[in-house]
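Residue numbers count from 1 along this sequence. Nothing here was measured: the structure is a model prediction, and the numbers come from that model.
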Amino acid sequence: MNSKEQYTYLIKQEAKRLGFLSCGIAKAGFLEEEAPRLENWLNQQMNGKMQYMENHFDKRLNPTLLVDDAKSVISLLLNYYPSDFQNEESYKISKYAYGEDYHFIIKEKLKELLSFIQTEIGEVSGRAFVDSAPVLDKAWAAKSGLGWIGKNSNLITQKVGSFYFIAELIVDIELDYDAPTTDHCGSCTACIDACPTEAIVSPYVVDGSKCISYFTIELKEAIPSEMNGKFDDWIFGCDICQDVCPWNRFSKAHQEPLFQAKPELLSYTKKDWEEITEDVFKAVFKNSAVKRTKLEGFKRNVSFLLNTKK
């Protein structure tokens, strides 16, 4: 086994020990195929009010601009599929937000992995990314063979579906690179047919400005009235295009204690959410990604659904 093979093996073993679902590695470089797609998507203003998507265009497409002398992009998946679900008589919260905010949990794991690499391999520079910097994580995960990008624009794998987070370590050492996998969406259009706001405008193209997740999380102003009756009871995020994906039949419950939902989140009914107070919001969503909307945004989402029923 040469040193590249040895290092790659060690990194993948450690990623497994840290609880990652899988680990794939791609050669760092300019994402030629993604460049025109991203440009086109931005030109059509499919990012809505998410202005930050327009920043750092070059960095999004080239990791060597993020990490000096970057050689490898290590992509990692972390499962968040829950074992228990919300009360059926409830407004819905996306499964990724059931537990503690994934940014912090994954960042810690990535720090451990980088520290392990530096201890075992030596002088290695690198940076960890958890969807908080201009990195096209799904493109890198697909490039490193962890899955294919489906018609709903999510990364999908045959063995475990798509309920997982994607994160990266970009490092300045050469490793053994994985080959991309093939697309297994076939003629299926389940996600396109199921999206109530028609956000999947064509296979593999999602108009971010029409997505329920965008309206309930990213949009800071009033939700447009033309969306009345189209939210299917979602108040934070939306899982419809994943719930209907046939590959998610293979999702298995995660083993991460910090992703466990608080009992109230699972047991609350619509009435409980309608009457939520500042104290309850802080207690139920302590360290949760739901805090991004703040109480005001959360209440806006609840009243939007309440008022469309009347």
Side-chain angles (χ1 to χ4, degrees), residues 7-8 10-28 31 34 52-53 56 59-67 70-82 94-118 124-150 153-157 159-173 175 177-178 180-181 213 217 237 242 251 254-259 287-289 292:
Y7 295 159
T8 303
L10 286 172
I11 289 166
K12 289 188 174 182
Q13 285 299 107
E14 180 64 5
K16 197 173 181 179
R17 191 194 69 78
L18 288 166
F20 286 106
L21 197 60
S22 46
C23 169
I25 306 173
K27 184 179 171 62
L31 289 168
E34 278 70 22
Y52 61 86
M53 295 292 293
H56 311 297
K59 285 182 179 175
R60 278 179 200 283
L61 296 162
N62 193 349
T64 62
L65 300 175
L66 291 166
V67 173
K71 299 277 197 309
S72 305
V73 180
I74 303 168
S75 291
L76 301 131
L77 305 181
L78 188 65
N79 182 19
Y80 66 78
Y81 192 73
S94 190
K95 291 183 259 302
Y96 83 82
Y98 273 20
E100 291 195 14
D101 192 330
Y102 64 98
H103 291 93
F104 307 116
I105 295 165
I106 299 177
K107 229 8 182 311
E108 281 310 305
K109 289 181 186 287
L110 291 178
K111 273 186 201 162
E112 273 193 67
L113 182 57
L114 186 56
S115 166
F116 169 86
I117 292 170
Q118 288 163 338
V124 177
S125 284
R127 275 180 74 188
F129 298 93
V130 188
D131 104 24
S132 52
V135 177
L136 294 177
D137 49 14
K138 290 182 279 196
W140 284 111
K143 222 173 167 55
S144 65
L146 294 183
W148 72 95
I149 295 176
S153 90
N154 284 316
L155 187 82
I156 304 173
T157 73
K159 288 180 182 167
V160 288
S162 63
F163 287 104
Y164 39 69
F165 300 114
I166 307 173
E168 300 79 35
L169 268 187
I170 298 177
V171 292
D172 65 352
I173 50 162
L175 295 163
Y177 301 125
D178 296 294
T181 179
S213 290
I217 303 171
Q242 295 195 83
S251 299
H254 65 76
Q255 302 298 312
E256 175 53 71
L258 296 173
F259 286 162
N287 303 329
S288 156
R292 277 184 64 192

Partner of D137 under side-chain contact (heavy atoms from CB on, under 4.5 Å), chosen from I166, L155, V130: I166
Distance in Å, L78 CG paired with Q255 CD, rounded so as to fall on 0.5 Å steps: 11.5 Å
Heavy-atom check, side chain of V135 versus side chain of P63, under 4.5 Å: no
Sequence-distant partners of N62, side chain to side chain donor-acceptor pair (under 3.5 Å), two or more places apart: T64
Evaluation steps, side-chain contact (heavy atoms from CB on, under 4.5 Å), between V124 and D172: CA-CA 6 Å; V124 177; D172 65 352; 3.7 Å; yes
Main-chain N/O of I173 paired with S72 side-chain donor or acceptor, under 3.5 Å: yes
Distance (rounded to the nearest 0.5 Å) between S75 OG and F129 CZ: 11.5 Å
Residues L18, L110; criterion side-chain contact (heavy atoms from CB on, under 4.5 Å); working and verdict: CA-CA 9 Å; L18 288 166; L110 291 178; over 6 Å; no
Which atom of I170 lies closest to which atom of A70, heavy atoms considered: CG2-CB, 3.6 Å
Heavy-atom check, side chain of L31 versus side chain of L61, under 4.5 Å: yes
Minimum heavy-atom distance A167-I106, with the two atoms named: CB-CG2, 3.6 Å
From I149 atom CD1 to K138 atom NZ, the distance as rounded to the nearest 0.5 Å: 6.5 Å
Option among S162, S251, S94 that satisfies the side-chain contact (heavy atoms from CB on, under 4.5 Å) test with Q242: S162
L76/L113 under side-chain contact (heavy atoms from CB on, under 4.5 Å): CA gap, chis, key distance, verdict: CA-CA 11 Å; L76 301 131; L113 182 57; 4.0 Å; yes
Beyond-backbone contact of T157 with Y164, side-chain heavy atoms, under 4.5 angstrom: yes
Straight-line distance of I25 CD1 to I11 CD1, nearest 0.5 Å: 5.0 Å
Closest approach of N79 to F163 (non-hydrogen atoms, all atoms of both residues): OD1-O, 3.1 Å
Distance in Å, W148 CH2 paired with N154 CG, rounded so as to fall on 0.5 Å steps: 11.5 Å
Partner residues of F165 under the ring-ring contact (aromatic ring centres under 6.0 Å, His included) criterion, sequence neighbours left out: Y80, Y102, F259
Minimum heavy-atom distance K95-Y81, with the two atoms named: CE-CE1, 4.1 Å
Residues V171, K71; criterion side-chain contact (heavy atoms from CB on, under 4.5 Å); working and verdict: CA-CA 6 Å; V171 292; K71 299 277 197 309; over 6 Å; no
Nearest-0.5 Å distance, CG of residue L21 to NZ of residue K159: 10.0 Å
Note, V160 side chain near L77 side chain (heavy atom, < 4.5 Å): no
Sub-4.5 Å side-chain heavy-atom contact between Y7 and I117: no
Nearest non-hydrogen partners of A97 and S288, listed with the distance: O-OG, 3.8 Å
Nearest non-hydrogen partners of C23 and A15, listed with the distance: CB-CB, 3.9 Å
Salt bridge (charged side-chain N to carboxylate O under 4.0 Å, His left out): pairs with one or both residues in residues 11-24, sequence neighbours excluded: K12-D178, E14-R17, R17-E112
Short N-O contact, K143 and E34, less than 4.0 angstrom: no
